[in-house]
Amino acid sequence: MLDVLAREYPETPSLLSHRSPFELLIGVILSAQTTDEQVNAVLPALFSRYPGPPELAAAVPAEVEKIIHSVGFFRRKALNIIGAAAHVRDVQGGTIPATMDELVRIPGVGRKSAGVILLHVYDKPAIIVDTHFGRVVRRLGYSDVRDPVRLERDVAAILPPELWNSASMRLNYHGRRYCFARKPACGNCPVAALCPSAGTSG
DNA sequence: ATCCCGAGGG
DNA sequence: CCCTCTGGAT
């Protein structure tokens, strides 16, 4: 059934996907725990003031905090994006790395953000396990673990790599639209009839 | 008032 | 495992 969901759900275009690799990296870091709309609202001012890694790496944190204040977590995010700019400049020669291992060494980039970069910058197959994706997979009965690495292994054993990206995007979309953590909208869910957890809110 | 999300640190 | 950090949703 995971492959059915991966194939038949609507595309959910990322508001960040048309930007340069550097801009996408910074946007992804700012997107943690926030909406793409909130992030997009601050990016023009941010990139106008700090067009690339050298400028952002040299930024004064308090100045960055003012610009990104509305995205939340602004203190750590300001330090993270400045640190990320310094990291790609000093460790990666100014380019955004293309592997999970390298990406997660960038300040503010965890496995979820790294997966988004692999998908949107490099078109690499990636299973992007965020809490929405994991919750849908567990409720459908395809995994029973919380650990993202082990849950990713369970999904990789079921889905061929050519479906990983669409499954990531569409199961995330499904989780956000119907499969709520607290009170899932099973009455509106298109696969409730096939879901072992339908109506149980478990 | 409480929960929800991702990253990072203890 | 535990917890913090913001803002938005309920």
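Convention: sequence-line order gives letters A, B, ...; per-chain numbering from 1.
Within 4.0 Å (heavy atoms only), Arg135(A) reaches sugar-phosphate atoms of the nucleic acid but no base atom. Residue contacts shown for Asn80(A) are absent, as no nucleic acid heavy atom lies under 4.0 Å away.
Summarising the geometry of Ala85(A) relative to Ala57(A), their closest heavy-atom pair is CB-N, 3.6 Å, with the distance given to 0.1 Å.
The distance from atom CD1 of Ile81(A) to atom P of dG8(B) is 14 Å, rounded to the nearest whole Å. Remark: C1' of dT4(C) and CD of Gln33(A) are 11 Å apart, rounded to the nearest angstrom. Taking atom CG of residue Leu25(A) and atom P of nucleotide dG6(B), one finds them 18 Å apart after rounding to whole Å. One interatomic measurement links the two molecules: CZ of Arg111(A) to C1' of dC5(B), which rounds to 18 Å at whole-angstrom precision. Regarding Phe133(A), its CZ atom lies at a distance of 16 Å from the C1' atom of dG6(B), rounded to whole Å. Distance Leu30(A) CG to dG7(C) P: 14 Å, rounded to the nearest Å. Atom CZ in Arg75(A) sits about 15 Å away from atom P in dT4(C), given to the nearest Å. Rounded to whole angstrom, the span from the NZ atom of Lys77(A) across to the P atom of dT4(C) amounts to 19 Å.
Ranking dG6(B), dC4(B), dG7(C) by closeness to the Ala181(A) side chain, first place goes to dC4(B). Among the nucleotides dA7(B), dG6(B), dG7(C), the one closest to any side-chain atom of Ser113(A) is dA7(B). The Phe74(A) side chain lies nearest to dG7(C) when the options are dC5(B), dC5(C), dG7(C). With distances taken from any side-chain atom of Arg76(A) to the nucleotides dG8(C), dC5(B), dT4(C), the minimum falls on dT4(C).
Using a cutoff of 4.0 Å between basic side-chain nitrogens and carboxylate oxygens, Arg105(A) and Glu102(A) are not scored as salt-bridged. With respect to the salt-bridge test (charged N to carboxylate O, under 4.0 angstrom), the residues Lys77(A) and Glu65(A) do not qualify.
At least one side-chain heavy atom of Leu43(A) sits less than 4.5 Å from a side-chain heavy atom of Arg19(A). Contact check for Val109(A) versus Val28(A): no side-chain heavy atoms found under the 4.5 Å cut-off. Counting heavy atoms from C-beta on, the side chains of Val155(A) and Ser143(A) never come closer than 4.5 Å.
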Please tabulate, for side-chain N and O atoms in residues 123-137 of chain A, each donor-acceptor pair with protein atoms closer than 3.5 Å (sequence neighbours left out).
unit_1, atom_1, unit_2, atom_2, d
Lys124(A), NZ, Ala98(A), O, 2.7
Asp130(A), OD1, His132(A), N, 3.3
Asp130(A), OD1, Phe133(A), N, 2.8
Asp130(A), OD1, Asn172(A), ND2, 3.4
Asp130(A), OD2, Asn172(A), ND2, 2.1
His132(A), ND1, Arg135(A), NH2, 3.1
Arg135(A), NE, Cys179(A), O, 2.7
Arg135(A), NH2, Gly175(A), O, 3.4
Arg135(A), NH2, Cys179(A), O, 2.9

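The shortest distance between the side-chain N/O atoms of Thr34(A) and the OP1/OP2 oxygens of dG8(C) is not below 4.0 Å. OP1 or OP2 of dC5(B) has not a single side-chain nitrogen or oxygen of Arg176(A) nearer than 4.0 Å.
Near DNA chain B, defined here as any heavy-atom distance below 4.0 Å, the residues from residues 95-109 of chain A are Ile106(A), Pro107(A), Gly108(A), Val109(A), listed numerically.
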